[in-house]
Amino acid sequence: KRIDRLLRIWQKAQDRLSKWQLQLVGDGADGKMLRQMAKDLGLKRVSFEGMQKNVSDYYQKASIVAMTSDTEGWPLALSEAQAHGCIGIAFGCTAGVTEILGSDGECGFVVTPFDEDEFAMQLVNIAQMNEEERMAIRRNAVERIKKYTPEIISEKWRVLFDKLSMEK
């Protein structure tokens, strides 16, 4: 979903992220074009991992998960990443993104929709944080996502259905 944006963002930030790498997990019809784009942009430390059965392995090793989509209803990949303690960064293109990441930087970072310069700057800011600061955000992300466990959400649905059935 708009990996072309992420590649342009990486180009803007890569020289200030010399100890970091960009791993792209997944594949699609644009794979060949995106690989060529990465070459044309002269990107460093980028790997195309292709489709993976166990994305959890990547989340466990990742520090940051970057989403550059045009739109997301409820970005499941962002939720999964947070559950693994990744720091999420995404364009604030929908309420779902803001709901998951929050708006204060405690659990992740919401960037002005489609502002690639701001996104690149935020990636650099995260990378330049000390480990203690990043760990605090990671812990907050794990705690925040717990409010969306099946047990909690199913109880909210039950309460809603009970309320609706009483109104009839």
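Because the structure is a prediction, the values reported are computed rather than measured.
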**Message:** Quick check against the 3.5 Å criterion: does W10 have a side-chain atom that pairs as donor or acceptor with the backbone of K44?
**Reply:** yes

**Message:** To the closest 0.5 Å, what do you measure between CG (N125) and CD (E133)?
**Reply:** 10.5 Å

**Asked** What closest approach, in Å, do P75 and G96 show between heavy atoms, and which atom pair accounts for it?
**Response** CD-C, 4.0 Å

**Short side-chain to backbone donor-acceptor contact, S154 and E151, under 3.5 Å** = yes

**Item:** K39/R35 under side-chain contact (heavy atoms from CB on, under 4.5 Å): CA gap, chis, key distance, verdict
**Value:** CA-CA 6 Å; K39 287 179 186 175; R35 284 175 176 79; 5.7 Å; no

**Fill in**
Residues M67 and F119: closest non-hydrogen pair is O-CE1, 3.5 Å

**Asked** In terms of hydrophobic clusters joined by side-chain contacts under 4.5 Å, are I64 and V110 together?
**Response** no

**Message:** Evaluate T112 against E118 for side-chain hydrogen bond (donor to acceptor under 3.5 Å, both in side chains), listing each step before the verdict.
**Reply:** CA-CA 7 Å; T112 304; E118 180 185 342; 2.7 Å; yes

**Asked** Looking only at heavy atoms, which two atoms of L34 and I3 are closest? And how far apart?
**Response** CD1-CB, 3.8 Å

**Complete:** What one should report as the nearest heavy-atom pair of L6 and A66 is CD1-CB, 3.9 Å

**Request:** State whether a side-chain donor-acceptor pair under 3.5 Å links Y58 with Q23.
**Result:** no

**Asked** Do L76 and W157 share a hydrophobic cluster (ILVMFWY, side-chain heavy atoms under 4.5 Å, transitive)?
**Response** no

**Prompt:** With the threshold set at 4.0 Å, does a side-chain nitrogen-carboxylate oxygen contact exist between E106 and R144?
**Reply:** no

**Request:** Could you verify whether a donor N or O on one side chain and an acceptor N or O on the other, from Q82 and S79, lie under 3.5 Å apart?
**Result:** no

**Main-chain N/O of S69 paired with E72 side-chain donor or acceptor, under 3.5 Å** = no

**Prompt:** Do any N or O atoms from the side chain of R2 and from the backbone of D70 form a donor-acceptor pair under 3.5 angstrom?
**Reply:** no

**Prompt:** Between T68 (side chain) and R5 (backbone), is there a donor-acceptor pair under 3.5 Å?
**Reply:** no

**Closest approach of V97 to C93 (non-hydrogen atoms, all atoms of both residues)** = CG2-SG, 4.4 Å

**Verify same cluster id: L78, I89 (apolar side-chain graph, 4.5 Å)** = no

**Asked** Which value, rounded to the nearest 0.5 Å, describes the distance between K61 atom NZ and S56 atom OG?
**Response** 10.5 Å

**Request:** Considering non-hydrogen atoms only, spot the tightest contact between A13 and V124 and give its length.
**Result:** CB-CG2, 3.9 Å

**Message:** Could you check whether any side-chain N or O of R16 sits under 3.5 Å from a backbone N or O of K12, counting only pairs where one atom can act as donor and the other as acceptor?
**Reply:** yes

**Asked** Excluding sequence neighbours, so at least two apart, what forms salt bridge (Lys or Arg N to Asp or Glu O under 4.0 Å) with E155?
**Response** R158

**Asked** For the hydrophobic clusters of this structure (ILVMFWY residues joined by side-chain heavy atoms under 4.5 Å, transitively), does one cluster hold both F91 and W74?
**Response** no

**Asked** Mind checking whether L22 and V25 sit in one hydrophobic cluster, side chains of I, L, V, M, F, W, Y counted as touching below 4.5 Å?
**Response** no

**Prompt:** Hey, is CD on E131 packed in by over 12 heavy atoms from elsewhere, all under 6.0 Å?
**Reply:** yes

**Prompt:** Do the side chain of R134 and the main chain of S63 share a donor and acceptor less than 3.5 angstrom apart?
**Reply:** no

**Prompt:** Is R138 reaching over with its side chain to a backbone N or O of I87, donor-acceptor style, under 3.5 angstrom?
**Reply:** no

**Asked** Which pairs, with at least one residue in residues 84-103 and sequence neighbours excluded, count as a salt bridge (Lys or Arg N to Asp or Glu O under 4.0 Å)?
**Response** E99-K147

